[in-house]
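Working notes, structure below.
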Amino acid sequence: MNHHGNTMQHPSAERSHHSIEIRNLSKSFDRFRLEDVNLTLPCGSIMGVIGENGAGKTTTIKLMLNQLKANAGQITILGYDHIREEKKLKEEIGVVFDESYFHDNIKPKHISKIMARVYQRWDHEMFSDYLKQFHLPEDKITKEFSRGMKMKLSLATALSHHPKLLILDEPTSGLDPVIRNEILDIFLDFIQDEENSILFSSHITSDLEKVADYITFLHEGRIMFSESKDELLADYGLLLCGAADFSTVDKGDIIGHRENRFGHEMLIRNKAKMAQKYKGLTIDSVTLEDIMLFYVKGDQLK
Amino acid sequence: MTGLLLKDFYSLRQYGKTMLFMLVFFAFLSAGMDNPASFFEGFMIIMSMMMAIYSFSYDNLAKWDRFGLSLPVTRTEVVAGKYLLSLILCMLGGILAFLLSSVILTFRPVEDFGLKEHLYSLVGVSAIGIFLFSILLPLIFKFGVEKSRLFLIAIFAAPTAAVISFGQLGIELPSGVVLLGLLKLLPLIAVVAFLLSFLVSNRIYCSKEI
């Protein structure tokens with residue numbers, strides 16, 4: 001099981017470099033298989049996990065939290081083994097899901113009292129500061145909160161025990177752009193401390209484009225890539241051409257292809273080299289959404 | 001674990017107020033009966049322990065489990081919290097009912113039913129409540145609270161149905177002496193069942209995928 005000798009021998013040394021290390025993680029269900037997931041999140045950075053619904057984002061997060069049992073693989077978070085040292089690990093992370101899981105008739109002031117008994121380092125003052133900052137009433141039941149307010153309440157809860165890592169599963173889905181931006185600002189604030197890091201799954205790729213340092217792309221239970229966002233956006237390109245030129249393009253260079261009435265669009269890697277190779281053709285820059293769509297929806301010409 | 005208990009008490013507090021009303025209502029109702037104590041206490045204990053079931057429903061509604069297991073709380077603590085909650089509610093319901101029926105009994109004493117008999121009956125009905133919950137709780141952890149509602153009915157209906165069908169089949173019911181002996185053993189049976197039940201539930205919940 002010792003895939004990663006260093007982590008086992010020097011947890012504290014490792015801790016200073018990586019907040020999450022996932023090695024060869026696999027999990028099978030009846031109709032879905034998460035296969036051989038490898039992922040490393042360096043401290044002080046934000047990793048965005050993208051992928052269509054059902055690609056395995058939530059499964060990966062559930063496995064990290066030991067809510068599902070893996071068939072194979074090893075997960076180390078903040079230097080802790082995610083099963084053997086589960087409780088210690090969970091003291092130091094904050095988790096937010098796509099919806100608030102608080103009971104309808106509970107008030108924020110109750111949450112603070114509950115969490116003070118759950119977390120060793122629960123910070124009342126910090127929590128009520130967040131409530132003020134987010135304009136959330138302390139003395140109202142959460143049933144009366146809007147979706148955005150509930151999400152901010154979840155965030156305030158996740159942040160008020162001084163976590164070192166935030167794990168966020170689609171935290172911005174279903175929220176309007178204004179609130180989404182506010183929430184992204186909170187993430188950027190959190191990451192100011194270089195010890196802190198964030199794992200952030202979302203299918204709203206524009207959110208990740210704004211804040212993420214690394215992007216991991218999951219597709220049908222496999223990792224297609226896990227790389228620095230800037231390098232990704234510099235590396236990938238969109239090759240555009242008409243039907244006549246299309247036949248001259250080396251099919252091996254094409255990752256995904258789309259044809260419309262204006263011609264052919266192809267997702268390619270190694271933009272600079274491709275620009276040399278196909279001098280007469282246009283190469284556009286891409287967004288994360290383009291990359292995701294071409295992998296998921298594009299025709300594979302092979 | 002105390003955090004989880006606190007969470008349950010906060011979410012149940014609305015229901016608790018309703019329970020207090022019912023307590024008064026049934027106190028008046030039972031005052032007209034031959035022996036107000038045993039019916040009233042039995043009823044109150046079962047009703048109070050039902051609040052533990054409601055706490056599962058509330059958790060379910062809020063999808064609390066997923067969030068709860070992202071906190072520094074072990075699965076064993078989650079299970080222990082629910083068992084402790086059932087026990088506390090059983091005691092609260094029992095004590096309140098005991099006090100109220102004692103008041104009724106001072107105004108309307110029942111022959112051969114002094115404080116000692118009253119305490120025995122309280123312990124007896126508490127033990128029955130705990131025994132029934134020992135069966136029910138693992139079922140809830142295994143199948144979820146919604147599906148367990150059917151079990152709940154079955155568990156409460158089965159003894160009644162058994163007594164009736166025994167009578168109809170001509171099988172003689174155990175004599176009073178045997179029943180009394182059983183009654184004395186009841187607290188012990190309840191405690192053992194409760195502990196075993198906890199171990200079973202813990203095992204179920206620890207291997208559950210959320």
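Within every chain, numbering begins at 1; the chains are lettered A, B, ... in the order of the sequence lines, protein sequences first and strands thereafter.
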Task: From CA spacing to verdict: side-chain contact (heavy atoms from CB on, under 4.5 Å), B:Ile210, A:Lys62 - done: CA-CA 8 Å; B:Ile210 302 298; A:Lys62 282 185 173 180; 5.8 Å; no
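Contact of A:Glu99 with chain B is made through the side chain alone, with heavy-atom distances under 4.5 Å. Both the backbone and the side chain of A:Asn105 come within less than 4.5 Å of a heavy atom in chain B. For chain B, the nearby part of A:Phe97 is the side chain; its heavy atoms alone come within less than 4.5 Å. At a 4.5 Å heavy-atom cutoff, A:Lys88 makes no contact with chain B through either its backbone or its side chain. For a residue to count as touching a neighbouring chain, one of its non-hydrogen atoms must lie under 4.5 Å from one of that chain's; by this rule A:Lys143 does not touch chain B. Interface residue A:Ile141: only side-chain heavy atoms are found under 4.5 Å from chain B.
Side-chain contact between A:Val95 and B:Phe67 is absent, with no heavy atoms from C-beta onward closer than 4.5 Å. Within the 4.5 Å cutoff, side-chain heavy atoms of A:Met115 are placed close to those of B:Leu71.
Listed by sequence position, B:Pro72, B:Val73, B:Thr74, B:Arg75, B:Glu77 are the residues of residues 72-93 of chain B in contact with chain A, using a 4.5 angstrom heavy-atom cutoff.
Relative ring orientation between A:His103 and B:Trp64 is described as tilted, the plane-to-plane angle lying within the 30° to 60° band.
Take B:Tyr54 and apply the ring pair (Phe, Tyr, Trp, His ring centres under 6.0 Å) test, not counting sequence neighbours, and it matches B:Tyr15.
When all heavy atoms of B:Leu69 and A:Lys90 are compared, the pair lying nearest together is O-NZ, 2.6 Å.
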